[in-house]
Peer 1: 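Before anything else, here's the structure in question.
Counting convention: from 1, in listed order, for ligands and their atoms alike. Numbering of residues begins at 1 and proceeds along the displayed sequence. Here the structure is a predicted model, which is why all the values come from computation and not from measurement.
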Amino acid sequence: MLIEGIDDSVILVTLILGVFITYLMFKYLKNSLLTVGQLDPRLHQDSINDVNQTRERLMNNRRNREETQEGQNTAINCPICLANSNFPIETNCGHKFCADCIVQYWSHSSTTAYRMNCPMCRQQVNYLLRLYTREEQERNRDLNGETFAQIANYNRRFGGEPRDLLDYIYDIPILFRHLLNELFSFDGLSIWYRVRIMFFIMVAFCYFLSPLDIIPEALFGIFGLIDDLFVVFIIVIYVCTIYRQLITNRG
Ligand SMILES: [Zn+2]
Ligand SMILES: [Zn+2]
């Protein structure tokens with residue numbers, strides 16, 4: 001025994017869990033820090049050509065039609081068109097673009113049969129998560145219908161594709177954030193999804209608080225929390241799986 005009174009396996013599990021969580025946090029933070037420099041969008045070297053060509057095409061298209069003000073988000077600057085984001089989309093790597101821009105970029109940078117790489121960090125884009133409401137989408141369907149359809153199309157084709165387990169785990173922080181956003185907003189999730197997700201979050205919460213445990217805190221102190229964290233972790237993964245299904249199925 002390394003520490004008196006505590007089993008070595010418990011120490012090992014804690015260490016592994018600790019390293020893993022630190023790694024995920026680091027990865028997540030790195031991405032959000034990179035997006036802070038809004039005025040200086042750090043495009044990846046390999047994407048610069050594609051982005052420039054997409055931008056040129058977008059500028060020509062936009063000059064020809066009146067821009068709708070709705071859906072515009074002044075807090076987000078799109079690194080492709082360099083303007084306020086129109087119907088902003090967030091990728092699974094945490095980068096934000098206009099819906100229109102990212103769809104154009106997708107069709108330009110690769111054939112639409114393939115997943116695209118993020119113009120900022122070159123990570124594979126598995127989901128395009130919308131940062132606008134369903135209501136806004138419905139109201140603007142006649143103007144931007146084609147773009148919305150392409151976003152849904154992308155998620156349907158690539159969101160549900162089998163991937164590495166690690167890949168799924170990387171996506172959890174961002175999926176969970178979007179899930180919570182939708183859970184507490186009035187549009188978005190249907191009642192059935194809301195009830196299911198709330199139920200599992202409640203279960204996690206109850207297990208965490210209840211004295212009934214596989215490893216009770218009273219006997220093992222801080223190490224008694226391992227099983228609680230584990231149960232919460234599993235439930236978060238499960239809830240994200242439900243949410244992922246929803247994203248890949250909706251229009
Ligand atoms: Zn844009
Ligand atoms: Zn990215």
Peer 1: Which atom, among the N/O/S set of H95, is closest to the Zn ion (ligand 2)?
Peer 2: ND1
Peer 1: Are there more than 12 heavy atoms of other residues, nucleotides or ligands under 6.0 Å from atom CD of E138?
Peer 2: yes
Peer 1: Which angle, to the nearest 10 degrees, do you find at the Zn ion (ligand 2) between SG in C118 and SG in C93?
Peer 2: 100°
Peer 1: Taking the six-membered ring for Trp and the single ring otherwise, decide whether the centroids of Y132 and F148 are under 6.0 Å apart.
Peer 2: yes
Peer 1: Do any protein N, O or S atoms sit under 2.8 Å from the Zn ion (ligand 1), and which ones are they?
Peer 2: C78 SG, C81 SG, C98 SG, C101 SG
Peer 1: Transitive ILVMFWY cluster of F230 at side-chain heavy atoms under 4.5 Å: who else is in it?
Peer 2: I234
Peer 1: Please report the C-alpha distance between H178 and E90 in whole Å, then the side-chain angles of each, then the deciding distance to 0.1 Å, and finally whether the side-chain hydrogen bond (donor to acceptor under 3.5 Å, both in side chains) criterion is met.
Peer 2: CA-CA 10 Å; H178 278 261; E90 185 170 19; 2.7 Å; yes
Peer 1: Ignoring hydrogens and geometry beyond distance, is a side-chain donor-acceptor pair present between N126 and R115 at under 3.5 Å?
Peer 2: yes
Peer 1: With sequence neighbours left out, write down each residue that passes salt bridge (charged side-chain N to carboxylate O under 4.0 Å, His left out) with D167, or none if nothing qualifies.
Peer 2: R163
Peer 1: Running the 4.5 Å side-chain criterion over Ile, Leu, Val, Met, Phe, Trp and Tyr, what cluster does V195 land in, apart from itself?
Peer 2: I191
